[in-house]
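Before any comments, here is the structure.
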Amino acid sequence: MTKNIWTVYYLILLISCIGLLGLGYAKHSQLYTNLSFKNKADVKLASKSIESSLTENELLLDVLGSRLLENGLYKNKQRAHFLLKQMRTTKPGLAGFGLADIKGNFIAVSGNLEVPNLPNLLELPETREDFQAALNSHNMVIGRTYYFEPINEWIIPLRKALRDEQGNPVAVMTTGVKVEDLNKLVGISKQAETNLTIINARNFYRTFVNGIDLTLFSKVYLEPMSKEARKSVDKNLLNAHLPTLEQVKTKIPNIPISGESIDTLTKEPIVGALIYNSKYDLYIVVKQTLLTTRNDFINAILTYVVLFILFHTVLILLVRRIHINESTARKHLKDQVEHDSLTGLYNRYYLKQAFHQSIPTNATTISLMFIDLDNFKHINDTFGHSTGDQLLIEVSKRLKSFKAHALHIIRFGGDEFIIVMADKSPQDFNIAKQVIETLSVSYLINGMNFTIGASIGIARENADSCNLNTLLSHADLALYEAKNRKNWVEVFTENLQIKSQKVSKIEHNLRTALENNEIYLNYQPQVNKDGKLHGVECLVRWNSKGLGFVPPDEFISVAEDIGMMPILGQHITEMALTEMSVLQKRLNHHFQISINVSIKQFMQDQFFEEFTACIEQSGIPFKYITIEITESLLIEDMDFIFSMLEHFRRKDISISLDDFGTGYSSLSLLRQLPIQELKIDKAFVDDILDDSKDSTLVKNIINIGNEFGMNTLAEGVELKEQLEQLSNFECDLFQGYFFSKPLSLDDLETFIKTKST
Ligand code: C2E
Ligand code: CA
Ligand code: CA
């Protein structure tokens with residue numbers, strides 16, 4: 001979006017630049033069109049007024065001519081002089097009148113000049129050609145502009161031949177227009193920069209150029225236009241229309257055309273218009289310097305540019321404002337997206353985004369710590385979510401104290417946190433232990449004290465080849481392992497992965513184990529002090545088609561994890577009771593049947609009902625049934641467990657506490673529970689002979705059992721010496737390889753039969 005707005009602005013900038021150029025071009029064309037239009041109008045007007053003024057003069061000469069012809073007046077110098085003088089008074093604006101014979105000699109002039117002192121017009125180079133032309137023409141001829149010394153003036157001579165009745169020239173009448181008077185004569189615009197030039201088309205001498213300095217007159221009037229000057233007119237003024245002045249003359253007489261040029265005299269750029277006046281064979285050119293137009297143009301452009309800059313300044317300010325607002329909003333949004341709203345820690349989204357860029361270039365290893373709080377769910381469920389939330393906030397505060405070690409501290413979700421560290425292996429393990437220690441310090445929330453633990457899984461990878469997903473899944477695997485122990489740090493190893501792959505294989509095969517009849521039972525005898533059979537413990541066996549024999553240690557936990565335990569447990573119970581019922585009936589011998597009950601079964605709705613229904617179906621009296629529960633059950637909701645156990649007790653079903661001594665049941669708790677049997681864990685029995693501590697512990701357990709009126713059963717008895725020792729401690733019951741390994745149903749039958757005989 002931020003980028004977009006600048007893109008939009010640049011687009012506007014581009015468009016407005018093009019607009020500005022267009023506007024400039026339009027203005028230029030407009031000014032130029034106006035100018036050429038005006039010039040054309042001017043040149044046309046000039047042509048008209050020059051023509052009418054010349055026509056007027058020609059008429060005057062015609063009148064004079066007809067008077068001179070009357071009675072051969074022209075031959076009489078005196079009378080001719082008088083007539084000319086008279087004419088002069090009617091038209092004082094003219095330089096004067098003159099009459100010359102066809103040889104070029106003056107006969108008479110209007111002024112007070114002495115005729116003998118006047119030049120011969122055929123001999124004077126300035127006049128010769130046009131005098132000749134006048135003799136040959138029936139029209140008035142415009143002569144070359146020259147300096148007429150006798151009257152001390154620059155004049156434009158106008159000559160017309162006087163002809164007799166046969167049409168032969170008998171004299172030439174001349175009048176002259178003073179150059180300096182011509183400006184008044186032609187009514188063209190008086191703008192200083194407008195320049196009027198009249199060129200004689202007969203000989204390309206300039207007849208008139210307005211507004212030039214007197215010092216330039218000789219150069220301008222006494223020489224014909226240079227070839228170069230004519231070419232320049234051809235090339236620049238005419239090129240758009242007709243290639244040469246000659247063609248203008250024949251093809252478009254009396255029509256103005258306009259163009260641009262460089263003034264041959266001043267070398268300034270000019271615009272001009274040209275017209276050919278066919279009546280007097282003149283080119284009339286109006287020229288105007290481009291400077292004014294240029295100034296107008298520059299002024300217009302400056303105005304546009306100022307407006308352009310103003311517009312863009314405002315626009316840039318606006319875009320900048322939007323950009324800043326946009327960036328702030330985006331930053332805010334980004335913060336929201338990247339942070340966990342409860343704890344303010346970064347979240348998993350951020351981790352995924354930032355992980356790779358955040359790895360320092362010189363780092364060699366990356367450690368990822370997956371932290372999971374133990375028992376958090378319990379606190380959340382029992383004390384409510386707001387307490388849970390506050391606890392999480394506290395936890396994150398404590399985690400923040402590890403900032404110095406961490407690249408990232410992340411709340412991954414729920415009660416899971418992640419710390420990523422660079423180059424911290426193998427210290428990461430100690431840091432993880434410190435994390436657990438820090439998190440285990442009790443929390444005071446809403447006036448209540450809480451303690452929680454944490455389990456941590458660590459995964460490590462080479463910094464240059466590490467992949468977040470791999471690190472996460474490895475750390476997760478290690479965490480899973482750590483969580484089995486609680487308050488534990490586990491580092492991911494290949495073995496863990498192999499184990500986990502094995503677990504998934506077990507998981508996969510276990511789902512079909514029941515329907516494939518791969519599950520069966522073994523029974524391990526339990527004997528009393530007299531060596532007589534007390535009962536059997538039912539132990540599940542799985543001979544998997546896919547995996548071969550899988551020990552229960554390995555698959556029971558998997559069954560629990562994937563929610564299969566209730567069905568599997570039910571199956572085991574049914575199978576055990578059915579087989580034992582048949583066996584007991586056949587041997588007519590009742591003995592205790594111990595069935596291991598998983599916590600996942602025990603917590604199941606209807607477990608008690610289903611279990612007791614199963615026993616009833618088997619016909620075995622309740623008193624011969626023992627359920628083996630483990631201490632892990634005792635950390636669950638005690639009220640529920642207690643009442644459940646009571647139910648079993650009321651049915652006369654015995655309860656045995658399995659693996660006693662490995663867990664954390666307290667003595668006071670033990671006293672309250674309706675338990676009939678304590679099963680001393682094999683680990684203690686193993687060490688009973690050489691570890692005096694374990695020996696004492698076993699002795700104490702037996703004493704406690706006796707005290708609380710419970711039977712004590714030692715499992716894992718493998719040696720005679722162990723049995724003797726246990727007997728000395730007054731242990732009631734024994735189970736172990738010393739007596740028998742777990743047996744198949746048939747072998748059990750044989751075992752019982754041999755024992756009884
Ligand atoms: P547990 O309940 O403590 O079972 C006793 C284990 O110790 C059995 O292993 C048994 O074969 C073994 N054992 C007995 N005497 C000796 C001895 O003298 N030496 C040695 N080395 N071992 C001895 P097993 O059958 O592999 O069972 C392992 C665990 O699997 C059991 O421990 C129990 O926790 C679980 N389990 C077995 N069957 C069931 C079952 O049907 N239901 C449930 N929920 N768990 C079961
Ligand atoms: Ca057991
Ligand atoms: Ca046990």
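The first residue of the sequence shown is numbered 1, and numbering continues consecutively from there. When a ligand or atom number is given, it counts from 1 through the structure's own listing order.
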Handout entry: Gln526 and Gln592 side chains, donor-acceptor separation under 3.5 Å
Key = no

Exercise for the section: Specify which N/O/S atom of Glu628 comes nearest to the Ca ion (ligand 2), by atom name. Expected result: OE1

Fill in the blank from the handout: Within 4.0 Å of some non-hydrogen atom of Asp659, the atoms of ligand 1 are 3 (O)

Practice task
Please find out if the Ca ion (ligand 2) and some N, O or S atom of Ser656 are separated by less than 3.0 Å.
Solution key: no

Fill in the blank from the handout: ligand 1 atoms nearer than 4.0 angstrom to some heavy atom of Pro742 are 11 (O)

Problem - Nitrogen or oxygen of Gln601 less than 3.5 angstrom from that of ligand 1 - result: no

Exercise for the section: Among Ile599, Asp658, Leu673, Leu645, find the one that has a side chain to side chain contact (heavy atoms under 4.5 Å, CB included) with Ile629. Expected result: Leu645

Practice task
Check whether any side-chain N or O of Asp659 sits under 3.5 Å from a backbone N or O of Asp681 as a donor-acceptor pair, and report yes or no.
Solution key: no

Practice task
Give the contacting part of Asp658 toward ligand 1: side chain, backbone, both or neither, where contact means a heavy-atom distance below 4.0 Å.
Solution key: side chain

Problem - Numbered atoms and elements of ligand 1 in range of Glu718, under 4.0 angstrom, heavy atoms - result: 17 (C), 18 (O), 19 (N), 20 (C), 21 (N)

Completion exercise
Check: of Val597, Ile519, Asp553, Asn522, min heavy-atom distance to atom 29 (C) of ligand 1 comes from Asp553

Handout entry: Side chain, backbone, both or neither: the part of Lys682 lying under 4.0 Å from ligand 1 by heavy atom
Key = side chain

Handout entry: Contact check, side chains of Asp381 and Lys377, non-hydrogen atoms, under 4.5 Å
Key = yes

Problem - Atoms of ligand 1 close to Gln524 [distance to a heavy atom under 4.0 angstrom, numbered from 1] - result: 10 (C), 13 (N), 14 (C), 15 (N), 16 (C)

Fill in the blank from the handout: ligand 1 atoms nearer than 4.0 angstrom to some heavy atom of Ser598 are 44 (N)

Handout entry: Close approach, Glu537 and ligand 1, non-hydrogen under 4.0 angstrom
Key = yes

Practice task
Go through ligand 1 atom by atom and flag the ones less than 4.0 Å from a non-hydrogen atom of Gly716.
Solution key: 15 (N), 16 (C), 17 (C), 18 (O)

Practice task
Take Gln725 and Glu721 through the test side chain to side chain donor-acceptor pair (under 3.5 Å) and record every step on the way to the result.
Solution key: CA-CA 6 Å; Gln725 180 78 289; Glu721 291 76 16; over 6 Å; no

Practice task
Decide yes or no on side chain to side chain donor-acceptor pair (under 3.5 Å) for Asp372 and Ser455, but give the supporting numbers first.
Solution key: CA-CA 5 Å; Asp372 187 291; Ser455 303; over 6 Å; no

Practice task
Return a yes/no value for Val540: is any of its N or O atoms, backbone included, closer than 3.5 angstrom to an N or O of ligand 1?
Solution key: yes

Problem - Proximal atoms of ligand 1 relative to Glu715 (non-hydrogen, under 4.0 Å) - result: 3 (O), 5 (C)

Exercise for the section: Report yes or no: does a heavy atom of Arg541 sit under 4.0 Å from some atom of ligand 1? Expected result: yes

Practice task
Kindly state whether the ring of Phe450 and the ring of Phe383 have centres lying under 6.0 angstrom apart.
Solution key: yes

Fill in the blank from the handout: Of all the N, O or S atoms in Glu537, the one nearest to the Ca ion (ligand 2) is OE2

Handout entry: Ring-face cation of Lys651 near Phe648 (centre distance under 6.0 Å, axis angle within 45°)
Key = no

Handout entry: Ile572 contact mode with ligand 1 (heavy-atom cut-off under 4.0 Å)
Key = side chain

Handout entry: Distance-only donor-acceptor check, side chains Gln584 and Tyr624, under 3.5 Å
Key = no

Exercise for the section: Kindly compute the distance separating CZ (Arg586) from CG (Asn588), expressed to the nearest 0.5 Å. Expected result: 12.5 Å

Exercise for the section: Report yes if Tyr737 has an N/O atom closer than 3.5 Å to an N/O atom of ligand 1; otherwise report no. Expected result: yes

Problem - Partner of Glu554 under salt bridge (charged side-chain N to carboxylate O under 4.0 Å, His left out), chosen from Lys499, Lys502, Arg541 - result: Lys502

Exercise for the section: Find all atoms of ligand 1 within a distance of less than 4.0 Å from any non-hydrogen atom belonging to Gly736, and give their numbers and elements. Expected result: 15 (N), 18 (O)

Practice task
Show the numbers, then the answer: is there a salt bridge (Lys or Arg N to Asp or Glu O under 4.0 Å) between Lys397 and Glu394?
Solution key: CA-CA 5 Å; Lys397 274 186 195 159; Glu394 270 308 309; 3.6 Å; yes

Exercise for the section: Run the ring-centre check on Phe412 versus Phe370 and record whether the distance is less than 6.0 Å. Expected result: yes

Problem - Minimum-distance N/O/S atom that Asp658 presents toward the Ca ion (ligand 2) - result: OD2

